[in-house]
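The next block holds one structure in the form of structure tokens; read it before the comments.
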Protein chains: 2
Amino acid sequence: MQPRRATVRDLRRRNRSTLLSTLFFEGPLSRHELGGRTGLSAATVSNVVGELIDDGLVIEAGQVESDGGRPRVLLRVDPTFGNVVGIDVGETGVTMELFDLSMTRLATVDHPLATPQPDVAIVGEIIAAGFGTLLAEAGVTESSLLGVGIGVPGTVEQGATVRVHAQTIGWDGVALADLVHAKGITAPVFVENGAKTQGQAEMWFGAGRGARHAVIALIGSGIGATVITDGTTYRGATSSAGEWGHTTLSYGGRLCRCGALGCLEAYVGAEGILDRFRKARGGKAVPRDDEQSQLDFLLDAVDRSDIAAALVEETVGYLGAGIANLVNLFNPERIVLGGWAGMALGSRLLPEIRTATAAHALRHAYDQTSIVLCELGPDAVAVGAATLPVEALLSLGADPRIRPKAQILQVSQGKGHG
Amino acid sequence: MQPRRATVRDLRRRNRSTLLSTLFFEGPLSRHELGGRTGLSAATVSNVVGELIDDGLVIEAGQVESDGGRPRVLLRVDPTFGNVVGIDVGETGVTMELFDLSMTRLATVDHPLATPQPDVAIVGEIIAAGFGTLLAEAGVTESSLLGVGIGVPGTVEQGATVRVHAQTIGWDGVALADLVHAKGITAPVFVENGAKTQGQAEMWFGAGRGARHAVIALIGSGIGATVITDGTTYRGATSSAGEWGHTTLSYGGRLCRCGALGCLEAYVGAEGILDRFRKARGGKAVPRDDEQSQLDFLLDAVDRSDIAAALVEETVGYLGAGIANLVNLFNPERIVLGGWAGMALGSRLLPEIRTATAAHALRHAYDQTSIVLCELGPDAVAVGAATLPVEALLSLGADPRIRPKAQILQVSQGKGHG
DNA sequence: TAGCCTTATTTAAAGATGCGAATAAAGTCT
DNA sequence: AGACTTTATTCGCATCTTTAAATAAGGCTA
């Protein structure tokens, strides 16, 4: 049980965090503007910012020309204060990216995976080797690393030791963070579900910006979702919340790969769509090699094939109902449609998807929700992962005395957090 | 945009709130124990408690015998500090209850509604008259009222003026709080969806106690749900979250009264169950007069009628899938089954419901969730409503300088809140 | 029953923090 | 150059929690 009391030090920590976060997301800003946005007095802003500058977190960044008064000095988070690494452990490969504190990408390493179910040890090796390449490529030292975030294709059990359960790649209870530490990486490691890191990327830098209540719906071969409540990722009791794909949409319907019947994923996941398309074609295989091209083929065929048109229409109906469920349950102000299949569907059929959603959602909630396309694409998993250590830094106000070891810390993105 | 800064005054307010809440939920406690539970130093506890006593919120309540030291003085919230009223505006009648600050019921007034769609003005009259009766019966003055909570059968739009949208009783955009104020009630009025107030009652005093992540599933003629995330009721962007009943469970299925097809409510709401039963009986009406007796008839008939048995089994299946959706999306630690129909089903079929849920939920999330029966019953709507002003009081630490006017304030029930 | 021991609570002093007012700084304008 | 304007910093103050020391209030022992 964490302490519920608050001391004067907590005050300062919180205000530090508020100022630093504001600068990070809305900077560069002058001290004056900072005061206006946060509600802090000029005196305190000056005082705290001075501390942040002394700690090397913030630097002055030019002036704004004045029209008859002392010019404002702009402040920004110092990008060179430290670096973060984001890792996307996917089903087909491992992508590692290194960013500075302004989230500018400094280096990238890509390592395809041969086997569909790679041994954990192998992934560990790949990651360890990747670090060397990344650091060399970017020309920075390991000691500059503020933290490492890893997105994995499965649920992450937060606890004393963080464990990964990822059916698709055959991991069950893997302590990935410990493994990485064992490879000699001393920076704090954060592990999180890939859909959630991608969702967070969309919230920080994409179509989710500014929303306090949102759902990022990710449709690829399978289906995932990130639920943002009050500015922070909702994780539930054991961080496996948001399993939208395995929500029953058609009771007693198609068999899903999770073993249940009638899951949304079985209808709207790319695999499910293509399987249904195949059946509709009388069992004839869909042209093209990979799922992505096959889905494009289907969508292109709508104009000339009744079968394709009917199938796509049906798919949009299912998707609309699935989205409507999110609207009814979460009452978000925004729904962001992402994932490669989601982008393919959404870029051509967004109006139809909206209509289908409206048909299944309660009027009041639907009217409050805007349904938009994502802005970042599937390779945002790594950026989103890199976001995790930054989030921890911001939420602690980068207190130099505290080394973030805990997995999950919360910082809300903008607008006052209780 | 609320301020994100914090001052020393906020500190005190928060610690006051922490101590008062702890005392409310876990009292009576000694100053010493309070220190232990909250993490506050003995000095601060003493100091703040002194203030609370001066303000009349807390009283000393006997001693605990010692075994060789100064005995501990027990402290508790003073039940006579003030009273709260909870009102259940239902489809069939208005129930009003008056409680003291220890939530002991002091008086009750019941007023059945003749018309199914009562005019707002009439309900206003009923409520105004009820206040008089309530106060007289309990022998307290109006000035002792700390606040009034009202649970209504519809969604509540929180905003500058709070508006009620309740299809079932034909209300659209009713400013109920203003109406009550116009009747001369000066105490703060809180309006909230009845399912949410009932859920809150269950969290404070029933089967939800101690859970930080829970869903209270309410099955009556229709279906509602209260979602508790991190100790507080989840409301979403415009407080219409938790519309579980109108979640699509069987795509393209039965027509629901909301106009959509295949809603959970159309299958598992009592009306839906009985309608399906009627159809299964070849259109023959179900014996008994009211829904409640008819549902009992159905459940009793399971042993002797294959039709009834099949129908109930099917219903349990649908319900399980519906609950599984909650498990997958919210990953709660507990699901509380309530509502009169939910109690009827749950008290006889809980194991079957659990099995059906397991068949549709992801293993990991299901294993973390316990599914239990509610403890309070449908008449908890009024208690839950009365809980709203108390919640506001606790969350503000009952700062004597602040009169709670705002509708919604948050206090988490136990265990440290961020 | 007086004195000692133990535990609970209160008091005193110290260290932190944010705020408002006053002051300094850095320009523009005339 | 001097007046004026806007931004940033400094200073004294009120508030707050904490630690340490003092006090209160019993039981226990001889």
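The chains referred to below are lettered A, B, ... by the order of the sequence lines, with proteins before strands, and numbering in each begins at 1.
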May I have the distance from Arg9(A) (atom CZ) to dA14(C) (atom P), rounded to whole angstrom?
-> 17 Å
Contacts of Thr7(B) meeting side-chain hydrogen bond (donor to acceptor under 3.5 Å, both in side chains) (sequence neighbours excluded), chain-then-number -> none
Measure the distance from CZ on Arg14(B) to P on dT17(D) and round it to the nearest whole Å.
-> 11 Å
Length of the line joining Leu34(B):CG and dA8(C):P, which is rounded to integer Å = 13 Å
What's the CZ-P distance between Arg31(B) and dT11(C), to the nearest Å?
-> 10 Å
Nearest-Å distance, CD1 (Ile53(B)) to P (dT9(C))?
-> 11 Å
Here the pair of heavy atoms bringing Ala214(A) nearest to Pro332(A) is CA-CB, 3.9 Å
Hey, does the side chain of Arg72(B) come within less than 4.0 Å of dA8(C)'s phosphate (OP1/OP2), counting only N and O?
-> yes
In whole angstroms, how far is the P atom of dT9(D) from the NE2 atom of His32(A)?
-> 13 Å
Sequence neighbours excluded - side-chain hydrogen bond (donor to acceptor under 3.5 Å, both in side chains) pairs with any residue from residues 68-78 of chain A | Asp78(A)-Thr80(A)
With sequence neighbours left out, what residues match Asn83(A) under side-chain hydrogen bond (donor to acceptor under 3.5 Å, both in side chains)?
-> Ser144(A)
Roughly, in whole Å, what's the span from CD in Glu51(A) to C1' in dT17(C)?
-> 11 Å
Can you name the residues that form a salt bridge (Lys or Arg N to Asp or Glu O under 4.0 Å) with Asp178(A), not counting sequence neighbours?
-> none
With the criterion being N/O to N/O and under 3.5 Å, what pairs connect the protein with nucleotides 22-30 of chain C, and how long is each?
unit_1, atom_1, unit_2, atom_2, d
dA25(C), O4', Arg70(A), NH1, 3.4
dA26(C), N3, Arg70(A), N, 3.3
dG27(C), N2, Gly68(A), O, 3.3
dT28(C), O4', Gly68(A), N, 3.4

Roughly how many Å is it from CD in Glu60(A) to P in dT7(D), rounded to a whole number?
-> 16 Å
Would you call Glu375(A) and Arg209(A) a salt bridge, using N to O less than 4.0 angstrom?
-> yes
Output all residues satisfying salt bridge (Lys or Arg N to Asp or Glu O under 4.0 Å) with Glu51(A), sequence neighbours left out; order by chain, then residue number.
-> Arg12(A), Arg16(A)
With sequence neighbours excluded, residues passing side chain to side chain contact (heavy atoms under 4.5 Å, CB included) with Ser239(A) | Gln158(A), Arg235(A)
Enumerate all atom pairs, one protein N or O and one N or O from nucleotides 18-21 of chain C, separated by less than 3.5 Å.
unit_1, atom_1, unit_2, atom_2, d
dG18(C), OP1, Asn15(A), ND2, 2.8
dG18(C), OP2, Arg12(A), NE, 3.0
dG18(C), OP2, Arg12(A), NH2, 2.7
dC19(C), OP1, Arg5(B), NH1, 2.7
dC19(C), OP2, Ser41(A), N, 3.0
dC19(C), OP2, Ser41(A), OG, 2.7
dC19(C), OP2, Thr44(A), OG1, 2.8

Those residues that, when tested against Arg334(A), pass salt bridge (Lys or Arg N to Asp or Glu O under 4.0 Å) (two or more places apart) = none
